[in-house]
Asker: 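My questions will all concern the structure given below.
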Amino acid sequence: MPPAGPFVRRATTPGHPCGARENREERHMHGSAANPRPIAARHSAALTGTVTVPGDKSISHRAFLFGGIAAGTTRVTGLLEGEDVIATGNAMRAMGAQIRKDGETWVVEGVGNGCLLEPEGIIDFGNAGTGVRLTMGLVGSYDFGATFVGDASLSKRPMGRVLDPLRLMGTQVVARSGDRLPLSLHGPRVAAPIEYRVPMASAQVKSAVLLAGLNAPGITTVIEPVMTRDHTEKMLQGFGAALEVETDAEGVRHIRLQGQGDLRGVADFTVPGDPSSAGFPVVAALIVPGSDVTVENVLMNPTRSGLVETLIEMGGSIEILNRRVAGGEDVADLRVRHSELTAIEVPAERAPSMIDEYPVLAMAAAFARGTTVMRGLDELRVKESDRLAAVAAGLAANGIVHEEGADWLTVTGNPDGRGLDGAYGGGTVATHLDHRIAMSFLVLGMACERAVTVDDGRMIATSFPAFQAMMAGLGADLSDGA
Ligand code: S3P
């Protein structure tokens, strides 16, 4: 174990509310040792009511990361208390941040920029790709060792996209199975600031490089040819980082961060509702006849609102109400009514603003008249599962006409819910430890004549623990068991 440098390791508090202990128990409940938990969705009566969805997952991860690295106190409300985000909180605790819950507020006492402590144990990120990739960036520029592991899904996902720029900064990587978890990092004595052009549309890669740059002297530059979600840039500025963004004549973004600057806690940080989670009740309301559902407090940042834009183009009745700014972000309430949808060709350049929403869009497309064409989906192959393959297999299992290509998908829908073998449904969907595959096909089942079963609903707890209860509250017929 390398020396921990000038930092003295603080004792962590056993049973701390952020809960290494709590989390270990959850791992026993949901981890690979426990049994899969099938859930069935049945044809549901009209969905009605008003709901709020949990806090945005991307912003919640960053609230723990940036609150944990900034000096002083950050108070966070609206945080998503899903397993993925809790894993990030536990990682920051393991590196010196103090995190506790006070009523509805999460209170983060950060270490100060440059002052992370060497973690004593292995850091387990479970299913959380954003958590592990951003944390590897954050610690990759520190002169100490850190080891990362994840569940079966996360251990299959490519980490080279983050490790490559870290290597350029001087980070040593020990990975035994390609650039995949489990792996260990050891940062250099002094990290080199780099200029890095992100080779794929990935907010995680952009963010990992910027976070590594926080502990490098000089200016770290990320060049982003295709804009992705901008939460890291906006939030780092809010925490006091000297970060500027310039968009050139070609629309390419140049993000420059001055390293080793001060970061200060944010007294009152509010996390808006997650548009990716909102996608499930929104699509359910569009495809279940008679539905009228309002989803309140949804993040409407343009880098995240591609699904709503697409569904409106398809003829979806979605009223965007009460637009406002909360916590520096645009938010709105969405009133959604059952609609006759028409297939469209979704522009490939819209993919980054709805990358996590293609599975649920495919469910809407199944009920749209005509063939919906979705292109530019190569990144779907490396999400929590190969989402293109998982969606195609699930559509096939439920009699829905579709075609899968290397980076595209078409779905030929029918508003009457009748497909290849008569009425839609009747199939069991393999979810491959992917929360969004599970929730998307449960939404499908609410509108099908025959039940749709997902083989395992455990991963829903990573991003939307209250999904089943919330949908049932709107009138959805969901039940445990096949
Ligand atoms: C995320 C970025 C996206 C997205 C993920 C969250 C983030 O991943 O799919 O759910 O918070 O930065 P990629 O960077 O791999 O596109």
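Remember, it's 1-based here, ligands and their atoms both numbered in the order they're listed. These numbers were taken from a predicted model, which means no experiment stands behind them.
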Asker: Just jot down the salt bridge (Lys or Arg N to Asp or Glu O under 4.0 Å) partners of Asp386, sequence neighbours excluded, or say none.
Answerer: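 Here the qualifying residues are Arg381.
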Asker: Quick check for students: name every N or O atom pair between ligand 1 and the protein closer than 3.5 Å, with distances.
Answerer:
unit_1, atom_1, unit_2, atom_2, d
ligand 1, 8 (O), Gln204, NE2, 3.4
ligand 1, 8 (O), Lys383, NZ, 3.1
ligand 1, 9 (O), Asp356, OD1, 2.7
ligand 1, 9 (O), Asp356, OD2, 3.3
ligand 1, 9 (O), Lys383, NZ, 2.7
ligand 1, 10 (O), Asp356, OD2, 2.7
ligand 1, 11 (O), Ser58, OG, 2.7
ligand 1, 11 (O), Arg62, NH1, 2.8
ligand 1, 12 (O), Arg62, NH2, 2.7
ligand 1, 14 (O), Ser202, OG, 2.7
ligand 1, 14 (O), Ala203, N, 3.0
ligand 1, 14 (O), Gln204, N, 2.8
ligand 1, 15 (O), Lys383, NZ, 3.2
ligand 1, 16 (O), Lys383, NZ, 3.1

Asker: Which residues satisfy the salt bridge (Lys or Arg N to Asp or Glu O under 4.0 Å) test with Asp455, sequence neighbours excluded?
Answerer: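 Checked Asp455 against salt bridge (Lys or Arg N to Asp or Glu O under 4.0 Å); zero matches.
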Asker: Can you list everything that forms a side-chain contact (heavy atoms from CB on, under 4.5 Å) with Val245? Sequence neighbours excluded, please.
Answerer: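 side-chain contact (heavy atoms from CB on, under 4.5 Å) list for Val245, sorted by chain: Glu233, Leu243, Arg253, Ile255.
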Asker: Phe239 vs Phe269 aromatic rings, parallel, tilted or perpendicular, using cut-offs 30° and 60°?
Answerer: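 It falls in the tilted class, 30° to 60°.
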Asker: Does Asp407 pair with Arg375 as a salt bridge, N-O distance under 4.0 Å?
Answerer: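 Arg375 and Asp407: not salt-bridged.
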Asker: What orientation do Phe464 and Phe280 show, parallel under 30°, tilted 30 to 60°, or perpendicular over 60°?
Answerer: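 Tilted, since the angle between the ring planes falls between 30° and 60°.
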